[in-house]
Amino acid sequence: MTYPRLLIVGPQGSGKGTQGERIAEALRIPAVSTGDVFRANVKDGTELGLQVKAIIDAGDLVPDELTGAIVRDRLAQDDAAGGFLLDGYPRNLAQVADLDGFLDERDQPLTAVIELAVPREESIQRLSRRAAEQGRADDNEESIAKRLSIYESETAPILDVYRERGIVDAVDGVGSLDEVFERIITALAARGITA
Ligand code: ADP
């Protein structure tokens, strides 16, 4: 059996948050979404929330050190010992190096990276729909443009690193939620990752 230590990567609007939660539920592992952690802190008005709100609303990245410390603490909790799914971290090469550091300490490397591929026009359409439905403060035109551009320049290159390690499964993210989920589950099963 292969431990599910997973990362899901995809552009804004690719559906990675939704699929990430479904995968985590199916495999009974915690989903760790840095975006969700930040949003919860903003909502609760914590010190962390106050620190990051303006950064997130503008579509910029929260400093690597701050984000890294949060993920490190979360992965050290008991429920992550048998596996986890990361969503939204790492998002640049420096964070890949930080994460490698945390996981190497425990001899627990990532076992699969799901790349959710969605054309740019499709993800922009989905984001404008989400903006209307959910009213997320960072789903405004300027912030979306900035996040997509950071995705292309900083996040997409992390896939090359993981591709070299032979752990990336590219999954077509266009289709119904169930169709895309099936594709992901099939790809993971081919690596021996099952519930
Ligand atoms: P999206 O993928 O639509 O941008 P997320 O929920 O993944 O949504 O992230 C929302 C915001 O949270 C990001 O724009 C960024 O400001 C912050 N954030 C999330 N993850 C990270 C990270 N790994 N490093 C730095 N900032 C992050």
Side-chain angles (χ1 to χ4, degrees), residues 5-24 30-75 80 84-103 110 113-159 161-162 171 173 180:
R5 289 190 293 270
L6 312 178
L7 162 64
I8 187 163
V9 181
Q12 286 68 21
S14 61
K16 72 181 164 55
T18 309
Q19 294 296 344
E21 276 172 24
R22 292 178 75 160
I23 298 161
V32 177
S33 158
T34 43
D36 283 352
V37 172
F38 290 136
R39 275 186 292 279
N41 277 276
V42 170
K43 184 162 166 273
D44 294 346
T46 67
E47 197 174 322
L48 172 65
L50 294 174
Q51 233 175 319
V52 300
K53 182 177 185 337
I55 300 175
I56 292 176
D57 289 355
D60 286 314
L61 291 187
V62 172
D64 292 339
E65 255 175 58
L66 191 56
T67 313
I70 290 167
V71 173
R72 187 199 190 106
D73 285 352
R74 182 64 189 86
L75 294 183
F84 51 80
L85 177 134
L86 287 169
D87 162 11
Y89 184 92
R91 294 192 187 236
N92 59 30
L93 291 169
Q95 293 183 3
V96 168
D98 290 342
L99 178 66
D100 280 346
F102 314 149
L103 296 179
L110 289 181
V113 176
I114 299 146
E115 174 189 3
L116 210 49
V118 174
R120 197 186 166 104
E121 312 77 69
E122 168 91 14
S123 71
I124 291 175
Q125 266 181 20
R126 291 187 189 174
L127 283 172
S128 45
R129 218 176 307 143
R130 182 171 86 187
E133 286 167 9
Q134 298 181 6
R136 247 172 71 166
D138 62 346
D139 279 345
N140 60 73
E141 212 172 309
E142 249 170 69
S143 168
I144 288 174
K146 196 185 284 176
R147 278 147 60 215
L148 283 168
S149 126
I150 294 177
Y151 180 80
E152 278 160 22
S153 62
E154 297 192 39
T155 307
I158 76 171
L159 287 164
V161 175
Y162 292 125
V171 171
V180 175

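Order of appearance sets the numbers: ligands from 1, and atoms from 1 within every ligand.
- Proximity to Thr67 (heavy-atom distance under 4.0 Å) selects the following atoms of ligand 1: 22 (C), 23 (N), 24 (N), 25 (C).
- Within the 4.5 Å cutoff, side-chain heavy atoms of Glu154 are placed close to those of Leu61.
- Shortest non-hydrogen contact noted between Leu127 and Gln12 is CD1-CB, 3.7 Å.
- Against a heavy-atom cut-off of under 4.0 Å, Gln95 is close to the following atoms of ligand 1: 22 (C), 23 (N), 24 (N), 25 (C).
- With a 4.0 Å cut-off on non-hydrogen atoms, Asp87 does not touch ligand 1 at all.
- Leu6 places none of its side-chain heavy atoms less than 4.5 Å from the side chain of Leu110.
- Taking every non-hydrogen atom of Arg130 and a distance limit under 4.0 Å, the qualifying atoms of ligand 1 come out as 3 (O).
- Remark: Asp139 does not engage Arg129 in a salt bridge, criterion side-chain N to carboxylate O under 4.0 Å.
- The shortest N/O to N/O separation between Gln12 and ligand 1 falls below 3.5 Å.
- At a heavy-atom cutoff of 4.0 Å, ligand 1 is contacted by no atom of Glu154, backbone or side chain.
- Looking at ligand 1, you'll find an N or O of Gly88 within less than 3.5 Å of one of its N or O atoms.
- Less than 4.0 angstrom separates some heavy atom of Thr34 from each of these atoms of ligand 1: 19 (C), 20 (N), 21 (C), 23 (N).
- Close approach of ligand 1 to Lys16 is summarised as follows: ligand atoms under 4.0 Å from at least one heavy atom of the residue are 2 (O), 7 (O).
- The shortest contact between atom 9 (O) of ligand 1 and any protein heavy atom is with Arg91 NH2, 3.1 Å.
- Residues Val62 and Ile56 meet the side-chain proximity criterion, which asks for heavy atoms closer than 4.5 Å.
- Looking at Lys53 against ligand 1, nothing comes within 4.0 Å, counting heavy atoms.
- Close approach to Tyr89 involves these atoms of ligand 1, each under 4.0 Å from a residue heavy atom: 23 (N).
- Some N or O of Val62 is nearer than 3.5 Å to an N or O of ligand 1, by distance alone.
- Residues Asn41 and Thr46 have side chains that bring a donor and an acceptor to within less than 3.5 angstrom of each other.
- Between Glu122 and Arg126 there is a salt bridge, since at least one side-chain N of the basic residue sits less than 4.0 Å from a carboxylate O of the acidic one.
- Crowding of Glu142 atom CD: a count of heavy atoms from other residues, nucleotides or ligands under 6.0 Å not exceeding 12.
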